[in-house]
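Quick note on labels: first sequence line is chain A, next is B, and so on, each numbered from 1.
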Number of protein chains: 2
Amino acid sequence: MKISVLGAGGWGTTLSILLHSNENDVILWEFNPEYAKTLTDYRENFYYLPKIKIPKEIQITNDLVKAVTDRELIVIATPTQYIRDSFKELEDFDFKDTIILNVSKGIEIGTLKLVNEIIADVLKKVNADKISCLSGPSHAEEVSRKIPTVVVCANPDIEIAKMIQATFSNDYFRVYTSTDVAGVELGGALKNVIAIAAGITDGAGFGDNTKAALMTRGINEIMRLGLKLGAQKETFFGLSGIGDLIVTCSSKHSRNRFVGEEIGKGKKLKEVLADMKMVAEGVSTAKSIHQLSEKLKIEMPICEQVYQILFNDKDPIQATNELMVRALKEES
Amino acid sequence: MKISVLGAGGWGTTLSILLHSNENDVILWEFNPEYAKTLTDYRENFYYLPKIKIPKEIQITNDLVKAVTDRELIVIATPTQYIRDSFKELEDFDFKDTIILNVSKGIEIGTLKLVNEIIADVLKKVNADKISCLSGPSHAEEVSRKIPTVVVCANPDIEIAKMIQATFSNDYFRVYTSTDVAGVELGGALKNVIAIAAGITDGAGFGDNTKAALMTRGINEIMRLGLKLGAQKETFFGLSGIGDLIVTCSSKHSRNRFVGEEIGKGKKLKEVLADMKMVAEGVSTAKSIHQLSEKLKIEMPICEQVYQILFNDKDPIQATNELMVRALKEES
């Protein structure tokens, strides 16, 4: 199959290599022309996926129109908040026979849209039913080392989801299918905020008991929002829900958990972000969730405390204790 | 309230101290007369909960009849497989006004009974509706250090559950209530088997992705069994379900995860158990679940692979790979 991956971060690069090893014709698009040249010259993504070789058969380009022309499948692996601007020049591009697969996670600040909705907005000639998403517990660092991983792909048309499943699956990478695009996307987006909260409990010296209680309340909080937005309950208890939440809240690879941990230790958000080379989507998502929960009038106590800690300098220990007290009041 | 805690392991000792600090009159029963004397003399449980002081107001005894006489609440914190034998002498004791709270986790080998069912069998004069259970993500090592913890207490009569909630709750220990005794017990029992599987993936060098996928499938496997046994689906996505699963599969304190890790590294079960001073309930539960799933004709692939690895010397890496392949076949 002729495939382009748009975005040469750790995940985009990993999926390009995986799709190439599954015998597809792969183009990898990088937005920064200089870094595209570095990738082409050295065949290694030093910045986002060090020590993994990019096979020479993968074409690397900075030319967006060239990247999307005459492709059967386009994988969007661009940070959520940059998607709208990055792909403006493709507004009128004819995508009607192209399958679009979104592997980014988040909610756009301001519009409060999920990634599939941003894509449908920007790429006006995409057939909205062809926009799929893929999510689940899948750190790029591990997939690129061929560590067994299981994820889920969602499309309203199960046949398209199955086609993507067949394209991505191999010995170490397994893909389930689902028709619940909103549920799969929401789980992937919101767990990043819960992971910041989990990191805060780590950094502030709370225990494994505290963190597990917080994660449990976290997935139920995500589910309540999801049900309001038309997602299916079961999705949140699958790979793209608790699966992804678990890996993001506990893994040493998780950038969002790391941000939380540093904040829990007493650092300010600006300091933490200044030291990071990669995007922690949960920081933006905390902001959009704050807006979305106000708009929909849904209480999301954990996400709200994360927002207050990140953007209004609330004390992390006080916030965690408030969550504990609230816990008893609410569900007893 | 006049309370006895039967069993001076780490959890029984921790709960005795907690109940005493909540201003109850507490007796702690230890089955081994010599160790009961050590606990009385030194006021420290060197073996199971080192470095935590046991207040002198807590009476420690080896006399079972004395321990249960004239008590309002009896907390059973004895390893599951020993409950039947340990309490035989109380067969005809009049417990009809006593509330019994089970904090042990497991399924009895042979009878395939849950702890509340074993208790109803053995203590013939207990009012079965007074048997409650308490479970959730709660390592004794952390609760004894007053680290914020949230658990759930279940009784068919919600008023009894609320009374127990009020007795145990304090600043750092929060108790939710539920009426789903079977669901709460099953989550607590079966997560120990999934934790052994999670430990195996750690020991055998799989990644965080693999472990998160396994845990996700694990809770769904537990839930399928639970539904067959009359439990409520929601319970498995709460504190006694995913909450306890998360803490047990990820914490350094977890004995069951540790057993799995050693086996994943290539040790034999006998060697691992010989080096441990504490009971890993998951090993017995793996055996009873193997029997129970055959009896009920329910497929429980993860529990079955753990059983085969522990008791039939199956290769852990082969077993994990089989689970991965099966995953795709089953749920695609």
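Applying the side-chain contact (heavy atoms from CB on, under 4.5 Å) test between T216(A) and each of D244(B), I242(B), V150(B) identifies I242(B) as the sole match.
Side-chain atoms of N220(A) come within 3.5 Å of backbone N or O of F237(B) as a donor-acceptor pair. Distance alone, capped at 3.5 Å, is enough to place a donor-acceptor pair between the T210(B) side chain and the P148(A) backbone.
Among L214(A), V151(A), I246(A), I158(A), the residue making the largest number of heavy-atom pairs under 4.5 Å with chain B is I246(A). Chain A forms the most heavy-atom pairs under 4.5 Å with one residue out of T149(B), V152(B), T201(B), and that residue is T149(B).
The two residues V247(A) and A212(B) make their nearest non-hydrogen contact at CB-CB, 3.8 Å. Of all the heavy atoms in N209(B) and H139(A), the pair that sits closest is OD1-N, 2.8 Å.
To the nearest 0.5 Å, atoms OG (S250(A)) and CE (M215(B)) are separated by 6.5 Å. If you take CG on D208(A) and CD1 on I147(B), they are separated by 8.0 Å, rounding to the nearest 0.5 Å.
In this structure, K233(A) pairs ionically with E234(B), as a charged nitrogen and a carboxylate oxygen lie closer than 4.0 Å.
Atom NZ of K53(A) has more than 12 heavy atoms from other residues, nucleotides or ligands within 6.0 Å.
For chain A, the nearby part of I219(B) is the side chain; its heavy atoms alone come within less than 4.5 Å. Using a 4.5 Å cut-off between heavy atoms, V143(B) touches chain A through backbone and side chain atoms alike.
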